[in-house]
There are 2 protein chains.
Amino acid sequence: MKKTKKVRQSELIKKIEDNPFVTDDELAKFFDVSVQTIRLDRMELSIPELRERIKSVAEQTFEDEVRSLPIDEVIGEIIDVELDDYAISIFDVQKEHVFQRNSIARGHHLFAQANSLAVALINDDLALTAKAAIEFCKPVHSGQRVVSKARAVRTDGRRTTVEVTSSVGKEVVFKGEFEMYRSSEKGGE
Amino acid sequence: MKKTKKVRQSELIKKIEDNPFVTDDELAKFFDVSVQTIRLDRMELSIPELRERIKSVAEQTFEDEVRSLPIDEVIGEIIDVELDDYAISIFDVQKEHVFQRNSIARGHHLFAQANSLAVALINDDLALTAKAAIEFCKPVHSGQRVVSKARAVRTDGRRTTVEVTSSVGKEVVFKGEFEMYRSSEKGGE
DNA sequence: CTACTATTAGTACCAAGTGTTAGTATCGGA
DNA sequence: TCCGATACTAACACTTGGTACTAATAGTAG
């Protein structure tokens, strides 16, 4: 027994959401109805054709002008940011971030905090780190809170230099100069 | 005067990279040549047709949706090490290591691989990174395998300089010079 | 002049559709 | 039982943005 129209249509929605790359033909075979029926269903549900679906998915990535980075991709928590100017984040060092032997935070976590802060600072949807010169000034231990401050010091075309200083209390634990590369020139999104 | 074939083709590459949504027809008008010429150019440069371009852009975004994970403890797998001399590790870039937007590996993962390799290289139970100068030479994408090679280039008291080069295939993607600090002088484990 | 390259033109074909019209099947109700 | 609505299928013409191929032409170098 074939599914009813209602059932088919609601499954169709899921099917297409799940995989927008599916053609009417494939759907017709899947639901064992004619291609025309699928087309009618799409009409009724106002689901655009394959190419339009794909295009809109592609456009999202490509033309989305919003900000550099979804917030959940940042290591540490950003507490203040003024794009292309400065940004601040905090990062609480936990047991999983330290060496078992000496409970000193592993360098790459401090680097990651600073690096993602530098990325988040750049007002562009494609920001990459080109170079960095960093210094680990003092060991950081489990339980400490690292406050990282980033400041864009100069921009030359697509390259922006960001200075990052991380501290625990008043003590500087990490310093870094990041040369960031952006996809378009400053302001010219 | 029309541009030469070479000039046109190199501009064509940029044009399409800049906006993959452009049709042959638009390109033909832009360069004031026939559509066939544009097609021949694409053939020679093996640039896929509009739909394929859009599709691949869409596929990238779609595949990377809904994924974001905290960084792991194990950064790469060490496959060879000669203490205080050299070390090699491999790191397979997965979806969770890249930016959702553009599928480029986030810098701190490459740093983490290199940094932990430098740490592992030092024949001491307290090895810390003091400074580092790093360079991200080429973007790394999901699915690629990064091979990192570290070599101790000089030791001065408690400080050892380690040079790390990471490659995907034959292409260098990351270079770094790490100044490592150890708790005791060389040989004193 | 000939050989060769670059370019243009034209044809047939394809995928994955749209839009339209027409025909069939089936069920529910007066 | 017949009527009509709903669902489905079919057929045809047309669209976009191409591929693949062939043929013709213009210009230039040897």
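In what follows, chains are A, B, ... by sequence order, proteins preceding strands, each numbered from 1. Remember, it's a predicted structure, so these values are computed and weren't measured experimentally.
- Atom CD1 in Ile54(B) sits roughly 14 Å away from atom P in dG17(C) (whole-Å rounding).
- No side-chain donor-acceptor contact under 3.5 Å links Glu171(B) to the backbone of Val168(B).
- Side chains of Ser142(B) and Gln94(B): no donor on one and acceptor on the other come within 3.5 Å.
- Shown for residues 28-48 of chain A: residues whose heavy atoms fall under 4.0 angstrom of DNA chain C, namely Arg39(A), Arg42(A), Met43(A).
- No side-chain heavy atom of Leu128(A) sits under 4.5 Å from any side-chain heavy atom of Met180(A).
- Contacts of Asp25(B) with the nucleic acid, taken as non-hydrogen atoms under 4.0 Å apart, are absent.
- Using a 4.0 Å cutoff to heavy atoms of chain B, the contacted part of DNA chain D runs 5' to 3' from dT16(D) to dT19(D).
- Among residue pairs with one or both ends in residues 161-170 of chain B, those qualifying as side chain to side chain donor-acceptor pair (under 3.5 Å) are Ser148(B)-Ser166(B); sequence neighbours excluded.
- Between the base of dA15(C) and the side chain of Arg51(A) there is a donor-acceptor pair shorter than 3.5 Å.
- Backbone-only engagement by Arg8(B) is indicated by non-hydrogen atom pairs under 4.0 Å involving sugar-phosphate atoms exclusively.
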Quiz: residues 28-35 of chain A side-chain donor-acceptor pairs under 3.5 angstrom, not counting sequence neighbours:
{"unit_1": "Lys29(A)", "atom_1": "NZ", "unit_2": "Asp25(A)", "atom_2": "OD2", "d": "3.0"}
{"unit_1": "Ser34(A)", "atom_1": "OG", "unit_2": "Thr37(A)", "atom_2": "N", "d": "3.3"}
{"unit_1": "Ser34(A)", "atom_1": "OG", "unit_2": "Thr37(A)", "atom_2": "OG1", "d": "3.0"}

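- With sequence neighbours excluded, the residues forming a ring-ring contact (aromatic ring centres under 6.0 Å, His included) with Phe111(A) are Phe178(A), Phe111(B), listed by chain and number.
- Residues passing the side-chain hydrogen bond (donor to acceptor under 3.5 Å, both in side chains) test with Glu135(A): none are found, sequence neighbours excluded.
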Show your reasoning for whether side-chain contact (heavy atoms from CB on, under 4.5 Å) applies to Asp84(A) and Arg182(A). CA-CA 11 Å; Asp84(A) 282 323; Arg182(A) 62 174 71 206; 2.6 Å; yes

